[in-house]
Amino acid sequence: MNDDPRRRVPRTDAVLADARLEPALATLGRARVKEVVVAAQGRARAGEITPEAVADEVFATLPLTAASLRSVVNATGVLLHTNLGRAPLSPAARDALGVAAGTTDVELDLVSGGRGRRGAGALAALAAAVPDAGGVHVTNNGAAALILAATALAAGDDAERSSTGRGRREIVIARGEMVEIGDGFRLPDLLESTGARLREVGTTNRVHRADYADAVGPDTGMILKVHPSNFVVTGFTSSVPVSELTDLGVPVVSDIGSGLLAPHPLLPDEPDAATELRAGASLVTASGDKLLGGPQAGLLLGDADLVHRLRRHPLARALRVDKLTLAALEATLRGPVPPVRALLETPVGSLRSRSSDIVSVVGPPAEAVDCVAQVGGGGAPGVELPSAGVALPSSLAATLRLGADPVVARVEQGRCVLDLRSVPPEDDARLVAAVRAALA
Ligand SMILES: *Cc1c(COP(=O)(O)O)cnc(C)c1O
């Protein structure tokens, strides 16, 4: 038979016109989809698939096309990279998301058949993880936790305004703790958006207990301590710990940011919820997706009456978390050590042996190097984590980012470094495949 099947292999344009590929073209771009088409045509010419199966093969090979979010390997050495979605979730949390995605008993008590407390499991897990907290509540993120605290404690309300004649209430905060949290968002603006007034005390580098004591008055709604989680001030500095502010007659709220629930030996300067509560903080606020290693969420921990007041505030309804977050948070709290913590705690020796394994597989110009990683904007500023990785020519950074399985590396000193501190070991095979493709 002279009907050579190779002649029936569809042309690239014809395959690209298949309507099923439209979403992939929109999200992945024509060049990327074309690569997959060419590969499938090659398999058809080699007789591995029939020419008629080319379009199906392309459709099956393309990464999930319904969403524009792509899975990437974080080889930046920044454990908590906000642009990469901060903490990767544990397998247990991912499984929990799968269950929560369907219909669940998030607010139903299956025993009585009546209404249950929303997210009771996640809240119980959080309370168990921080026994010093009399009450716990979860919001959409750390910023929402702060907004809720500021609104309920310091913004005052119309009823109060008319009965007392007082206007807005004040939040006393150290000038050196008026931080910008990223992407142009500033905590002072966030707090003032609630209607509360900020009363700054101290100077950029120093603040004393007396500054707070002088500022606290009948209009004070709360004292706010904010952990400078993305910068360090060194030199002639002083700040006032929570323990010295608890006798000023107003609630002390401590925004620790990172979500460490208890002290961590590798991060001695990072504040944690248990220590702040024991020091007398009325309320601690934190994020769920930083060092806690869970989903985006805001944690509110502290005095039972205060937390109850926040939970019943009308604004709480607008800041509440969805069932997916509750499921992932509970699994993170109850489950094994989440990836962020495992990455933080990995001995540098095992990173070194992984980097030399990778280099021996991919060969030159890849080179095993020592480097320095960091926790990231979400915590432990200035802490240098010893690390190891794979160095490549700097031009490969873009190639790796644009590859079929994108890898985000760090460019430093004229080279592209794949820092293994932020790469879970199970992703080494992805790194090897990506580097091989980039070098090909
Ligand atoms: C990250 C951070 C926030 C904001 O938390 P989100 O969860 O990102 O909303 C607020 N305060 C501090 C100190 C932080 O580190």
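All values derive from a computational prediction rather than experimental measurement. As the structure lists them, so they are numbered: ligands from 1, and atoms in each ligand from 1.
- At a cut-off of 3.5 Å, with distance as the only test, no side-chain donor of Thr237 or Asn205 sits close to an acceptor on the other residue.
- Closest heavy-atom approach to atom 4 (C) of ligand 1 among the candidates Leu80, Ile181, Asp289: Ile181.
- Here Arg169 does not pair with Asp219 in a salt bridge; the nearest charged N to carboxylate O distance is not below 4.0 Å.
- At least one N/O-N/O distance between Lys290 and ligand 1 falls below 3.5 Å.
- Considering backbone and side-chain atoms together, Leu146 places no N or O closer than 3.5 Å to any N or O of ligand 1.
- Closest heavy-atom contact between Ala93 and Thr332: CB-OG1, 3.8 Å.
- Remark: ligand 1 atoms within the under-4.0 Å shell around heavy atoms of Asp255 are 10 (C), 11 (N), 12 (C), 13 (C).
- Between the side chains of Ser71 and Arg430, a donor-acceptor pair is found at a separation under 3.5 Å.
- Of the options Leu400, Leu431, Asp428, Leu84, a side chain to side chain contact (heavy atoms under 4.5 Å, CB included) to Val73 is made by Leu431 and by none of the others.
- Salt bridge Arg115/Glu107: present, at least one basic N to carboxylate O contact under 4.0 Å.
- Of the candidates Glu177, His227, Lys225, His227 brings a heavy atom nearest to atom 13 (C) of ligand 1.
- For Arg86, the heavy-atom gap to ligand 1 drops under 4.0 angstrom.
- Shown in contact with Gly142 at under 4.0 Å from a heavy atom are these atoms of ligand 1, numbered in order with element: 5 (O), 6 (P), 7 (O), 9 (O).
- A 4.5 Å side-chain heavy-atom check between Arg86 and Lys290 finds at least one atom pair inside the cut-off.
- Under 4.0 angstrom from ligand 1, the non-hydrogen atoms of Ala143 come from both its backbone and its side chain.
- Considering Pro381, Ala144, Ser287 only, the shortest heavy-atom separation from atom 7 (O) of ligand 1 involves Ser287.
- In this structure, CZ in Arg320 is found 3.5 Å from CZ in Arg118, a value given to the nearest 0.5 Å.
- With a heavy-atom cut-off of 4.0 Å, Gln296 does not touch ligand 1 at all.
- Within the listing of ligand 1, atoms 12 (C), 13 (C), 14 (C), 15 (O) sit less than 4.0 angstrom from a heavy atom of Gly257.
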